[in-house]
Amino acid sequence: MLPTASPVPQGRTLPLADWYRANARDLPWRRAAFHEQFGAWGVLVSEFMLQQTQVSRVIPRLDAWLERWPTPTAMAAATPAEVVQQWANLGYPRRALWLHRAAVEVVERHGGVVPRDVEALLALSGIGDYTARAVSVFAYGDRHPVVDTNTRRVLARAVEGRSHPASPSRRDLLLMESLLPSSDAESAVFNAAAMELGATVCTARSPQCEICPLLGECAWVADGRPDTGDARRRQAAFEGSDRQARGAVLRVLRGAGEDGVALETVLPDWPDPVQRDRAIDSLIADGLAEAAEGSLSLPR
DNA sequence: AAATCGTGGAG
DNA sequence: TCTCCAAGATT
């Protein structure tokens with residue numbers, strides 16, 4: 001018999017709704033006015049920005065984006081250069097490109113309306129398991145398991161009795177699914193509440209178990225908060241990495257005008273010229289940069 | 001499917 | 001100072 005993941009425990013519930021209603025942060029994308037003004041597009045944009053980027057860094061940058069491009073149609077009419085420029089230092093600039101592509105796809109496939117269906121959302125550029133369900137749930141109120149890094153940690157501790165989540169898998173979705181309340185509205189709250197708890201109480205570093213609404217039924221606390229080990233790989237060093245070089249090149253291109261800069265003036269003093277050239281080539285391959293007549297610029 | 005992809009705040 | 005890691009997705 002093939003090795004199979006441990007079965008998802010059934011019949012559990014986690015009381016988070018009351019805690020969430022009393023403690024949820026007042027985030028821009030949770031306001032009614034935000035949804036009235038920008039709808040699912042606003043949610044989609046915020047979720048793109050939130051992929052591996054902290055809430056605190058996204059908040060001050062979301063407004064300007066949505067003011068400039070209030071709809072998928074508006075975004076689709078922009079150039080990649082404009083989009084990468086506006087993205088600025090949010091990190092992982094491919095997300096800007098993918099967001100732009102997704103906007104184009106929304107216009108082409110869905111008449112400019114962000115789709116509601118998880119399958120259709122998954123088919124858009126830059127949208128994976130998390131973002132697809134987040135849009136369907138938080139923008140449209142449908143019932144799906146939304147699992148991010150915060151939720152994974154909460155479930156690992158409260159349900160599995162582990163200090164750290166196992167490596168991400170489909171099982172996470174099944175486990176979250178098994179915990180969802182039956183109604184659409186309550187399950188949306190539960191999804192948001194699990195993320196919120198992980199972000200503010202059940203944190204990675206020093207969880208505040210004293211104030212946790214799940215203290216009484218947390219499997220990890222019941223076991224004495226054992227260190228069960230972290231399955232995740234350590235993040236590769238940034239200093240001296242290609243990522244650092246790519247970031248530096250893009251910073252130059254963002255600072256340049258539409259015409260870009262002469263190739264030989266791009267990071268002339270970079271410690272490793274081979275790495276610099278590799279960074280430039282990979283940026284071009286990714287569509288984040290464009291070379292023409294000895295000059296380098298953001299993609300037109 | 002393991003590796004890759006930015007940036008900066010927090011501890 | 002330095003390490004960790006953050007509302008992930010793609011290849």
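Note that the structure is a prediction, hence the values are computed from the model and not measured. Note: hydrogens, waters and symmetry copies are ignored here, and every other heavy atom, side chains too, is used.
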- Checking only heavy atoms, does the side chain of A:Ser56 share a donor-acceptor pair with the base of B:dG8 at less than 3.5 Å?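 No, the side chain and the base share no sub-3.5 Å donor-acceptor pair.
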- Query: Considering only heavy atoms and no angle criterion, is a donor-acceptor pair shorter than 3.5 Å present between the side chain of A:Arg233 and the base of B:dA3?
  - Reply: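 In this structure, the two groups form a donor-acceptor pair.
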Checking contacts here: which listed nucleotide ([options]) is nearest the side-chain heavy atoms of [X]?
X	options	answer
A:Thr131	B:dT7, C:dA9, C:dA7	C:dA9
A:Tyr130	B:dG6, B:dA2, C:dA9	C:dA9
A:Tyr92	B:dC5, B:dT7, C:dA7	B:dC5
A:Asn89	B:dG6, B:dT7, C:dA6	B:dT7
A:Gln52	C:dA9, B:dG6, C:dC5	B:dG6
A:Arg57	C:dA7, B:dC5, B:dG8	B:dG8
A:Gln51	C:dA9, C:dA7, B:dG6	C:dA9
A:Glu196	C:dT10, C:dA7, B:dC5	C:dA7

Given the [atom1] atoms of [N] and [M], what is the spacing between them in whole Å?
N	M	atom1	answer
B:dA1	C:dG8	C1'	16 Å
C:dA7	B:dA2	P	25 Å
B:dG8	C:dA9	P	22 Å

- Just checking A:Arg254: base, sugar-phosphate only, or nothing, at a heavy-atom cut-off of under 4.0 Å?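 Contact class for A:Arg254: sugar-phosphate only.
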- Verdict with supporting geometry, A:Arg246 and A:Ser282, side chain to side chain donor-acceptor pair (under 3.5 Å): CA-CA 8 Å; A:Arg246 285 167 53 104; A:Ser282 72; 2.9 Å; yes
- Heavy-atom check, side chain of A:Asn23 versus side chain of A:Thr200, under 4.5 Å: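 They are not in contact (no side-chain heavy atoms under 4.5 Å apart), so the answer is no.
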- Query: Is a donor on one side and an acceptor on the other found under 3.5 Å between the side chain of A:Asp230 and the backbone of A:Arg232?
  - Reply: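 Such a contact is found between A:Asp230 side chain and A:Arg232 backbone.
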- Determine, step by step, whether A:Arg61 and A:Asn89 satisfy the side chain to side chain donor-acceptor pair (under 3.5 Å) criterion, reporting the C-alpha distance in whole Å, the side-chain angles of both residues, the deciding distance to 0.1 Å, and the verdict. CA-CA 10 Å; A:Arg61 304 290 305 282; A:Asn89 62 342; 2.9 Å; yes
- Task: Would you mind telling me which residue lines up with the more 5' stretch of DNA chain C, A:Leu27 or A:Arg205, judged by nearest nucleotide?
- Result: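 Result of the comparison: A:Arg205.
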- Would you call A:Arg68-A:Glu82 a salt bridge at under 4.0 Å N-O?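 A salt bridge links A:Arg68 with A:Glu82.
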- Query: Can you tell me how far C1' of B:dT7 sits from CH2 of A:Trp87, to the nearest Å?
  - Reply: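 Result: 12 Å.
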- Item | Length of the CD-C1' vector between A:Gln85 and B:dG6, whole Å |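 Answer to the nearest Å: 16 Å.
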